[in-house]
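Each residue takes its place number in the sequence, starting with 1.
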Amino acid sequence: MKITFALFFTLFSLCAYSQNEISAEEYILSEITKIENYLLGKNNNLNLKTPNEIVCLTGISPKKLDGTYIGIIYYPTLGDVKLWREWINKYHGKFYYDPNEINNQYYKKVVIEYEKGKFRSNYCK
């Protein structure tokens, strides 16, 4: 009886944990939504790295950018947000978290194989 209970508890715990973890695709879409909300005035706080992560992943750069001593800062428009969403939808189901970075609590590295043998991530080198 104890073994059955232990197995049931373990299975239940694993199912509950996996349901709380968002997929890599959902994570990227949530980051795009943050940018969109910022542009629409629904949110006044935006991490400057967020647009850079989306540019690295999609390869789609906003036309307006600024080069500083820190690096490139992108200023996306709602049109750029639309292009990013279309790109994400095009590759639906092909996003995953980098297994080497899966336990990093500060950063989620998302990877996609957008063509056979060609990979991109939301981390710019």
Side-chain angles (χ1 to χ4, degrees):
M1 182 69 176
K2 288 182 181 180
I3 293 174
T4 305
F5 177 74
L7 287 173
F8 177 74
F9 180 75
T10 304
L11 182 62
F12 179 76
S13 298
L14 288 173
C15 289
Y17 175 75
S18 65
Q19 290 176 355
N20 290 335
E21 183 68 28
I22 65 169
S23 71
E25 187 170 340
E26 289 171 332
Y27 170 72
I28 291 298
L29 286 172
S30 72
E31 295 298 298
I32 292 172
T33 300
K34 287 178 188 176
I35 295 168
E36 184 177 36
N37 288 340
Y38 176 79
L39 293 171
L40 293 172
K42 296 178 182 178
N43 181 7
N44 293 331
N45 189 12
L46 179 67
N47 184 341
L48 290 177
K49 293 181 182 179
T50 303
N52 292 23
E53 290 179 15
I54 306 302
V55 169
C56 291
L57 185 66
T58 64
I60 301 170
S61 301
K63 290 179 179 49
K64 186 176 179 188
L65 57 94
D66 185 18
T68 67
Y69 68 95
I70 298 172
I72 297 175
I73 298 174
Y74 294 99
Y75 297 98
T77 64
L78 290 173
D80 297 318
V81 169
K82 181 181 176 191
L83 289 173
W84 289 336
R85 284 190 191 281
E86 289 171 357
W87 191 89
I88 299 297
N89 290 334
K90 178 180 176 183
Y91 295 102
H92 174 71
K94 296 185 178 185
F95 299 89
Y96 60 93
Y97 291 116
D98 183 341
N100 297 326
E101 299 282 337
I102 200 81
N103 293 322
N104 187 339
Q105 67 187 67
Y106 301 108
Y107 185 75
K108 294 185 183 249
K109 185 174 180 182
V110 176
V111 179
I112 181 174
E113 183 176 10
Y114 62 98
E115 288 181 20
K116 188 164 179 79
K118 294 184 178 181
F119 298 89
R120 280 193 191 140
S121 77
N122 61 328
Y123 178 73
C124 295
K125 295 179 180 178

Chemist: Say whether Tyr123 and Tyr96 are linked into one hydrophobic cluster, either directly or through other cluster members, by side-chain heavy-atom distances under 4.5 angstrom.
Modeler: no
Chemist: Quick check: does any side chain N or O of Asn37 sit under 3.5 Å from a backbone N or O of Asn43, one acting as donor and the other as acceptor?
Modeler: no
Chemist: Check the pair Glu86, Leu83 against side chain to side chain contact (heavy atoms under 4.5 Å, CB included), reporting the backbone distance first and the verdict last.
Modeler: CA-CA 5 Å; Glu86 289 171 357; Leu83 289 173; 3.9 Å; yes
Chemist: Does OH belonging to Tyr38 count more than 12 external heavy atoms closer than 6.0 Å?
Modeler: no
Chemist: Is the backbone N or O of Ile72 less than 3.5 Å from a side-chain atom of Asn52, with the two atoms forming a donor-acceptor pair by type?
Modeler: yes
Chemist: Check whether Val111 and Ile32 end up in the same hydrophobic cluster, where Ile, Leu, Val, Met, Phe, Trp and Tyr are linked by side-chain heavy atoms less than 4.5 Å apart.
Modeler: no
Chemist: Can you spot which of Thr58, Asp80, Thr33 makes a side-chain contact (heavy atoms from CB on, under 4.5 Å) with Arg85?
Modeler: Thr33
Chemist: Check Ile60 against Trp84 and note the closest heavy-atom contact, atom names and distance.
Modeler: O-NE1, 3.0 Å
Chemist: Which residue, Glu25, Arg120, Lys118, forms the side-chain contact (heavy atoms from CB on, under 4.5 Å) with Ile112?
Modeler: Arg120
Chemist: Are Leu29 and Leu40 grouped together when hydrophobic residues (ILVMFWY) are joined by side-chain heavy atoms under 4.5 angstrom apart?
Modeler: yes
Chemist: Only one of Ile54, Leu57, Asn47 passes side-chain contact (heavy atoms from CB on, under 4.5 Å) with Glu31; say which it is.
Modeler: Ile54
Chemist: Report the distance from atom CG of Asn122 to atom CD1 of Ile28, rounding to the nearest 0.5 Å.
Modeler: 4.5 Å
Chemist: Closer than 4.0 angstrom, basic N to acidic O: yes or no for Lys108 and Glu53?
Modeler: no
Chemist: Rounded to the nearest 0.5 Å, how far apart are OG of Ser30 and CD1 of Ile22?
Modeler: 4.5 Å
Chemist: Can you say whether the rings of Tyr91 and Tyr114 are parallel (under 30°), tilted (30 to 60°) or perpendicular (over 60°)?
Modeler: perpendicular
Chemist: With side chains defined as the heavy atoms from C-beta onward, is the minimum distance between Tyr74 and Ser61 less than 4.5 Å?
Modeler: yes
Chemist: Look up atom CD1 in Ile35 and atom OG1 in Thr77, then write down how far apart they are to the nearest 0.5 Å.
Modeler: 11.0 Å
Chemist: For residues Val110 and Tyr97, determine if any side-chain heavy atom of one lies less than 4.5 Å from a side-chain heavy atom of the other.
Modeler: yes
Chemist: Which heavy atom in Leu39 sits nearest to a heavy atom in Pro76, and how many Å separate them?
Modeler: CD2-O, 3.4 Å
Chemist: From Lys82 NZ over to Glu36 CD, what is the distance, rounded to the nearest 0.5 angstrom?
Modeler: 12.0 Å
Chemist: Are Val55 and Pro62 side-chain neighbours, meaning at least one heavy-atom pair lies under 4.5 Å?
Modeler: yes
